[in-house]
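All values below come from the heavy atoms of this structure, side chains included, with hydrogens, waters and symmetry mates left out. Everything numeric in this text was worked out from a predicted model, so none of it was measured. Proteins get letters first, then strands, A, B, ... in listed order; numbering begins at 1 in each.
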Number of protein chains: 2
Amino acid sequence: MLNETAMAVLEQAGATEPEKRIRDRSATERAIVKAAKNLLAEEGFQNFGINAVARRAGCDKQLIYRYYGGLNGLVEAIGADLGNWVKDRIPEDAGGMFLLTYGDLMERLSLLFLEALREDPLMRRIVAWEVSENTEQVKRLSEARSKALGQWLDRMRGSLAPPKGVDVAAVNALIFASIQHLVLAAAAGGQCAGLALKNGKDWEKAATALKRLVRGVYG
Amino acid sequence: MLNETAMAVLEQAGATEPEKRIRDRSATERAIVKAAKNLLAEEGFQNFGINAVARRAGCDKQLIYRYYGGLNGLVEAIGADLGNWVKDRIPEDAGGMFLLTYGDLMERLSLLFLEALREDPLMRRIVAWEVSENTEQVKRLSEARSKALGQWLDRMRGSLAPPKGVDVAAVNALIFASIQHLVLAAAAGGQCAGLALKNGKDWEKAATALKRLVRGVYG
DNA sequence: ACTGTTACTCACCGATTGGTGACAGACCGG
DNA sequence: CCGGTCTGTCACCAATCGGTGAGTAACAGT
């Protein structure tokens with residue numbers, strides 16, 4: 001794939017084959033990051049390598065080494081955007097107004113998170129990556145992600161007091177763990193622990209079960 | 001690695017270097033399967049290939065093609081044992097006697113499953129594999145596993161009536177999903193959604209949170 | 001003891017991987 | 001205009017991958 005500018009030039013000139021690439025470093029960098037993200041989202045981390053990214057970005061892998069210092073740096077660059085994921089993916093004003101209890105809040109946030117994760121293949125791959133490998137790359141991604149998630153939870157909680165006598169951190173970890181595994185298993189095989197997760201009806205069942213689970217602990 | 005018999009012979013003879021391999025097909029087959037299991041458990045599915053298995057089994061990869069028809073057949077052979085996992089790993093009489101309600105049962109089973117999964121690296125890798133890839137191999141493993149799990153649940157339930165008005169299948173799927181992701185994340189990075197999971201104390205917290213979650217839905 | 005089968009090893013294939021050094025051309029300041 | 005820097009390309013490296021065909025050594029039956 002060429003730069004957008006390069007494509008425009010070629011099309012305008014009526015050229016049939018890509019001759020030269022426009023010398024635009026920042027555009028190339030963006031193309032590389034975009035290619036890496038798409039590749040990771042579509043193919044998964046299995047075949048995620050320098051060659052594959054360069055091939056998809058339509059540039060030489062040498063540039064990845066030069067601009068990002070290799071795959072590690074590129075992954076790090078991807079992880080840098082991860083902090084804004086929640087902000088980009090979930091409406092900020094989704095809660096806060098009609099949520100009277102902590103249970104209301106967590107039910108809402110759980111469903112929002114479920115929905116957001118379902119619709120973001122890149123994030124799904126990253127989560128799957130986190131539980132499959134333990135390299136330094138993945139650790140960075142994982143930390144960025146969980147940090148952003150925690151901040152999101154705190155921000156949404158606002159001044160709402162969490163229930164006493166309950167290990168909120170542990171319970172919430174379990175809740176979000178269930179959501180993540182459910183979505184990952186569904187994306188991979190269309191089911192989770194025997195529960196089919198394909199059409200919208202299946203997901204409605206899962207959503208009501210999730211609500212019930214959250215309501216069970218948080219009143 | 002050589003056959004056990006071969007090792008014995010060599011040691012008895014005082015040989016320092018492995019000269020020949022005993023011609024024992026079934027022993028070699030067992031060595032291959034064992035090597036594959038250990039490799040998968042220790043290294044994960046990332047570097048799980050014909051060459052690596054053969055190297056660890058101490059035999060030529062050609063034998064894997066001959067005896068199992070390639071990696072697929074070998075994985076299938078591994079998956080065949082998976083049906084007995086619950087039986088091997090979890091005490092059969094663990095429930096049934098003092099469990100009066102469905103909530104008692106599920107609390108017990110959840111904790112048993114959590115414990116069993118924590119102590120089985122091979123099974124953890126397989127679960128991680130399931131949510132990371134969608135090949136035919138993995139599908140077979142996944143099906144065998146979820147089938148065995150479902151049968152186990154049914155068997156342990158016995159004649160205990162599940163609560164009405166609750167989508168038991170969906171709720172249980174979420175519960176087991178949470179356990180699986182918790183254990184996987186812990187094994188990979190020592191934490192899950194910001195919750196540390198390293199020493200026994202951490203796991204006690206997680207266990208009580210899990211109990212609370214289960215008790216919340218199932219009275 | 002000869003023969004055929006079984007168990008096993010070895011050498012090689014093309015493809016792909018991560019990684020590096022050398023080179024060509026566009027751009028910019030002098 | 002010239003020289004240096006920046007951007008991008010290409011050729012090549014050793015290593016490893018999955019896969020195959022040919023060959024060797026041990027066994028069993030006769």
Side-chain angles (χ1 to χ4, degrees), chain A residues 1-7 9-10 13 15 17-36 39-40 43-76 133 135-137, chain B residues 1-7 9-10 13 17-33 35-36 39-40 43-76 133 135-137:
Chain A
M1 191 179 293
L2 291 170
N3 297 340
E4 300 86 335
T5 46
M7 293 288 279
V9 165
L10 290 172
E17 53 181 27
E19 290 281 342
K20 300 267 180 178
R21 162 185 290 269
I22 296 295
R23 286 166 55 94
D24 184 345
R25 167 157 181 173
S26 68
T28 304
E29 287 180 350
R30 275 183 278 114
I32 290 175
V33 172
K34 184 179 175 183
L39 181 68
L40 189 54
E43 307 282 339
F45 56 94
Q46 301 277 23
N47 301 88
F48 185 74
I50 286 268
N51 291 302
V53 172
R55 208 177 303 133
R56 182 177 270 244
C59 70
D60 198 277
K61 55 182 170 183
Q62 176 75 27
L63 298 183
I64 301 179
Y65 284 106
R66 270 218 267 278
Y67 298 157
Y68 296 96
L71 252 195
N72 284 17
L74 181 54
V75 169
E76 211 160 333
E133 245 180 345
T135 64
E136 212 53 41
Q137 304 177 0
Chain B
M1 188 179 296
L2 290 171
N3 298 339
E4 299 86 338
T5 47
M7 293 289 280
V9 167
L10 290 174
E17 51 181 28
E19 288 282 343
K20 300 267 179 177
R21 160 184 291 268
I22 296 294
R23 284 167 56 94
D24 184 345
R25 167 156 180 173
S26 70
T28 304
E29 286 181 351
R30 274 184 279 114
I32 291 176
V33 173
L39 182 68
L40 188 55
E43 308 282 338
F45 55 94
Q46 300 277 23
N47 300 88
F48 185 74
I50 286 266
N51 291 302
V53 172
R55 207 178 304 133
R56 183 176 269 243
C59 70
D60 199 275
K61 56 182 171 183
Q62 175 75 24
L63 297 184
I64 300 179
Y65 284 106
R66 269 218 260 284
Y67 298 158
Y68 295 97
L71 252 195
N72 285 15
L74 181 54
V75 169
E76 212 161 331
E133 244 180 343
T135 65
E136 212 53 41
Q137 303 178 1

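With D/dG8, C/dT17, D/dG18 as the candidates, the nucleotide lying closest to the side chain of A/N51 is C/dT17. Of the candidates D/dT9, D/dC17, D/dG18, the closest approach to any side-chain atom of A/L63 belongs to D/dT9. Each of C/dT17, D/dT7, D/dT9 was ranked by its minimum atom distance to the side chain of A/R25; first place goes to D/dT7.
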Give me, pair by pair, the N or O atoms of the protein and of nucleotides 20-22 of chain C that are less than 3.5 Å apart, along with how far apart they are.
{"unit_1": "C/dG21", "atom_1": "O6", "unit_2": "A/Q62", "atom_2": "OE1", "d": "2.9"}

Distances under 3.5 Å between nitrogen or oxygen atoms of protein and nucleotides 2-5 of chain C:
none

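Look at CD1 on B/I64: it is 14 Å from C1' on C/dT9, rounded to the nearest Å. Atom CD in B/Q46 sits roughly 17 Å away from atom P in D/dT16 (whole-Å rounding). As a whole-Å value, the separation of B/I32 CD1 from C/dA7 C1' is 11 Å. If you measure from atom CD1 of B/I50 to atom P of C/dC12, you get 21 Å, rounded to the nearest angstrom. Computed from coordinates, the A/R55 CZ to C/dT16 P distance equals 8 Å when rounded to whole Å. Computed from coordinates, the A/I22 CD1 to C/dC27 C1' distance equals 13 Å when rounded to whole Å.
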Donor-acceptor pairs under 3.5 Å, side chain of residues 45-54 of chain B to any protein atom, not counting sequence neighbours: which ones?
{"unit_1": "B/N51", "atom_1": "OD1", "unit_2": "B/K61", "atom_2": "NZ", "d": "3.0"}

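What you find for B/A57 and B/A31 is that their closest heavy atoms are CB-O, 4.1 Å.
Interatomic distance, B/R30 CZ to B/I32 CD1, rounded to the nearest 0.5 Å: 11.5 Å. Rounding to the nearest 0.5 Å places CZ of B/R55 at 12.0 Å from CG of B/D60. In this structure, CG on B/L74 lies 10.5 Å from CD on B/E29, to the nearest 0.5 angstrom.
Listed by chain and number, the residues in a salt bridge (charged side-chain N to carboxylate O under 4.0 Å, His left out) with B/E43 amount to none (sequence neighbours excluded). Among residues two or more places apart in sequence or in another chain, the salt bridge (charged side-chain N to carboxylate O under 4.0 Å, His left out) test is passed with B/E76 by B/R140. Scanning for side chain to side chain donor-acceptor pair (under 3.5 Å) contacts around A/R66 gives an empty result, with sequence neighbours left out.
OP1 or OP2 of D/dG8 has at least one side-chain nitrogen or oxygen of A/T28 nearer than 4.0 Å.
Both B/Y67 and A/F48 lie close to DNA chain C; mapped to their nearest nucleotides by heavy-atom distance, the more 5′-ward contact belongs to B/Y67.
Looking at B/Y68 and B/V33, their side chains come closer than 4.5 Å, going by heavy atoms from C-beta outward.
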